Engineer: 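Before I ask anything, let me first share the structure, which is written out below as structure tokens.
For clarity, every value in this text was computed on a predicted model and none was experimentally measured. In what follows, chains are A, B, ... by sequence order, proteins preceding strands, each numbered from 1.
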Number of protein chains: 2
Amino acid sequence: MALIHAILSALSERACSGYDLAKQFDGSVGFFWKATHQQIYRELTRLEEKGLVSAEIISQEGRPDKKLYRVTERGRKFLADWIAQPSSMSPVKDELLVKLFAGHLVEKGIIIAELERHRHQHLERLSAYRQIEQKYFADPQALDLDEKFRYLTLRNGIGYEQEWLAWCSEAIAFLS
Amino acid sequence: MALIHAILSALSERACSGYDLAKQFDGSVGFFWKATHQQIYRELTRLEEKGLVSAEIISQEGRPDKKLYRVTERGRKFLADWIAQPSSMSPVKDELLVKLFAGHLVEKGIIIAELERHRHQHLERLSAYRQIEQKYFADPQALDLDEKFRYLTLRNGIGYEQEWLAWCSEAIAFLS
DNA sequence: TCACGCATGTAATCCGTTACATGATTCC
DNA sequence: GGAATCATGTAACGGATTACATGCGTGA
């Protein structure tokens, strides 16, 4: 029930084509809401039918035309209404934890290797976040309000990855 | 692609009816993989067709019959093979972060109130986890290997909730 | 010439959610 | 009498995933 909201949120940052949006969902918004290009094109069509976004066809030289989507006033109101509604914490869905739950069915070394692999992945993700932080959010207090909100989502990601790193290390030590 | 694995993981702990499983998915496994009873009954039927679980009908007095499901040898091997395959970190999917991303569209007070509501929810979840920890995992080093793995999933949940609490507080302070 | 980036879509399948449906027992 | 618990399912719909499909331009 929230992909349309994620798309409107991403579009409210700036007007985008479906293609541009798909790339945004592979970074920035994509760090906390995933979507494939097929989902995006389908939803954009529906959003246009409902009048929540408007499309403008842009002719380009040497490249296929593109449809530039913009959030309409109605779309902005629709999004704002959704944001204002209280919601519950999103459920966790994590494969690694499912694996651990039945971890005794395989050799301990396999689990430890998997934990180390994940530790490494979270480390890489964390350093990517840190680079974004240094590049765009060096002085948080000086940011505009909209940037402050984006900054907070990044801070959430940083804390999340740090916590995973700490847990992986704890788990490896505990099992060794 | 992992609901069947989550069901097999839960069933590998002990034989269960569909009804029992549905309750387990509302706690323990359910803390990191959600499933409704309809999903569970559907998957159990399929798992039985594939020979990964076997069912035994138990007649009960004063209560409807129940089907007790057990993981078969093939099922155990199927699960173990899946666990041994390396996997990537599970994607995050979080509504609150989507809301924040476009948070400038509503009054700041609405966002702060939402952050406070979430802070409270995470606090409650954390204290539930802490109670489980004290009750069943008071002496972690003394646990059997299978219990150690469950303990680690709980430790993950505790760290996760603590991190969310810290972030909510940081975000509220930052916006105030 | 071959891969990659830009740009948009259809089709099929599977997973998840919600509502509907039944029926006995136990506890307040 | 009504709500909650035990126990299992069907039906309909909508969301997500994957594969298939096209076609031009640019740079190695």
Engineer: Could you tell me the separation between the CG atom of A:Leu3 and the C1' atom of D:dG14, rounded to a whole number of Å?
Structural biologist: 12 Å
Engineer: Could a donor-acceptor pair under 3.5 angstrom be found where the side chain of A:Arg42 meets the base of D:dG14?
Structural biologist: no
Engineer: Check whether more than 12 heavy atoms from other residues, nucleotides or ligands sit under 6.0 Å from atom CD of B:Glu147, and answer yes or no.
Structural biologist: yes
Engineer: Using five pairs at either end of the helix from C:dT1-D:dA28 to C:dC28-D:dG1, determine the angle between the two local helix axes and round it to 10 degrees.
Structural biologist: 30°
Engineer: How many Å lie between CG on A:Asp65 and P on D:dG25, as a whole number?
Structural biologist: 12 Å
Engineer: Heavy atom of residues 92-100 of chain B under 4.0 Å from DNA chain D: which residues?
Structural biologist: B:Lys93
Engineer: Out of B:Arg70, B:Lys77, B:Arg76, which one pairs with B:Glu73 under the salt bridge (Lys or Arg N to Asp or Glu O under 4.0 Å) rule?
Structural biologist: B:Arg76
Engineer: Locate the shortest heavy-atom distance separating A:Tyr129 from A:Glu161; write the atom from each residue and the value.
Structural biologist: CE1-CG, 3.7 Å
Engineer: Taking B:Asp144's backbone N and O only, do any of them form a donor-acceptor pair with B:Lys148's side chain (distance below 3.5 Å, no angle check)?
Structural biologist: no
Engineer: With sequence neighbours left out, write down each residue that passes salt bridge (charged side-chain N to carboxylate O under 4.0 Å, His left out) with B:Glu49, or none if nothing qualifies.
Structural biologist: none
Engineer: Looking just at side-chain N and O atoms, do B:Thr153 and B:Asn156 make a donor-acceptor pair shorter than 3.5 Å?
Structural biologist: no
Engineer: Which of residues 13-20 of chain B have a heavy atom under 4.0 Å from DNA chain D?
Structural biologist: B:Ser17, B:Gly18, B:Tyr19
Engineer: Could you state the atom-to-atom distance from CD of A:Gln39 to P of C:dT13 in whole Å?
Structural biologist: 19 Å
Engineer: Are B:Ser87 and A:Glu114 linked by a side-chain donor-acceptor pair shorter than 3.5 Å?
Structural biologist: yes
Engineer: OP1 or OP2 of D:dC6 sitting under 4.0 Å from any side-chain N/O of B:Lys23?
Structural biologist: yes
Engineer: Measure from the side-chain heavy atoms of B:Lys67 and tell me the nearest of C:dG16, D:dA16, D:dG9.
Structural biologist: D:dG9
Engineer: Roughly how many Å is it from CZ in B:Arg46 to P in D:dG9, rounded to a whole number?
Structural biologist: 14 Å
Engineer: Take atom CD1 of B:Ile7 and atom C1' of C:dC15, then tell me their distance rounded to the nearest Å.
Structural biologist: 12 Å
Engineer: Restricting to side-chain contact (heavy atoms from CB on, under 4.5 Å), what partner residues turn up for B:Ala171, sequence neighbours left out?
Structural biologist: A:Leu152, B:Leu115, B:Trp167
Engineer: Rounded to whole Å, please give me the gap between CD in A:Glu56 and P in C:dT8.
Structural biologist: 13 Å
Engineer: I want to verify a distance call: between C:dC6, C:dA7, D:dA16, whose nearest atom is closest to the A:Lys66 side chain?
Structural biologist: C:dA7
Engineer: Look at the side chain of A:Tyr41 and decide which nucleotide, out of C:dG16, C:dA19, C:dA7, has an atom nearest to it.
Structural biologist: C:dA7
Engineer: Report the distance from atom CG of A:Leu44 to atom P of C:dG9, rounded to the nearest whole Å.
Structural biologist: 9 Å
Engineer: Give the minimum heavy-atom separation between B:Leu11 and B:Tyr69, together with the two atoms involved.
Structural biologist: CD2-O, 3.6 Å
Engineer: Mind checking whether B:Leu97 and A:Met89 sit in one hydrophobic cluster, side chains of I, L, V, M, F, W, Y counted as touching below 4.5 Å?
Structural biologist: no
Engineer: Could A:Arg119 and A:Glu116 be called an ion pair, given the rule that one side-chain N must be under 4.0 Å from one carboxylate O?
Structural biologist: no
Engineer: Toward the 5' end of DNA chain D, which comes first, B:Thr45 or A:Gln38, by nearest nucleotide?
Structural biologist: B:Thr45
Engineer: To the nearest Å, how far apart are A:Trp33 CH2 and D:dG15 C1'?
Structural biologist: 11 Å
Engineer: Select one nucleotide: of D:dG9, D:dA7, C:dG16, the one nearest the side-chain heavy atoms of B:His37.
Structural biologist: D:dG9
Engineer: To which residues is B:Leu68 joined in a hydrophobic cluster, defined by side-chain heavy-atom contacts under 4.5 Å among Ile, Leu, Val, Met, Phe, Trp and Tyr, whether direct or through other members?
Structural biologist: B:Ile58
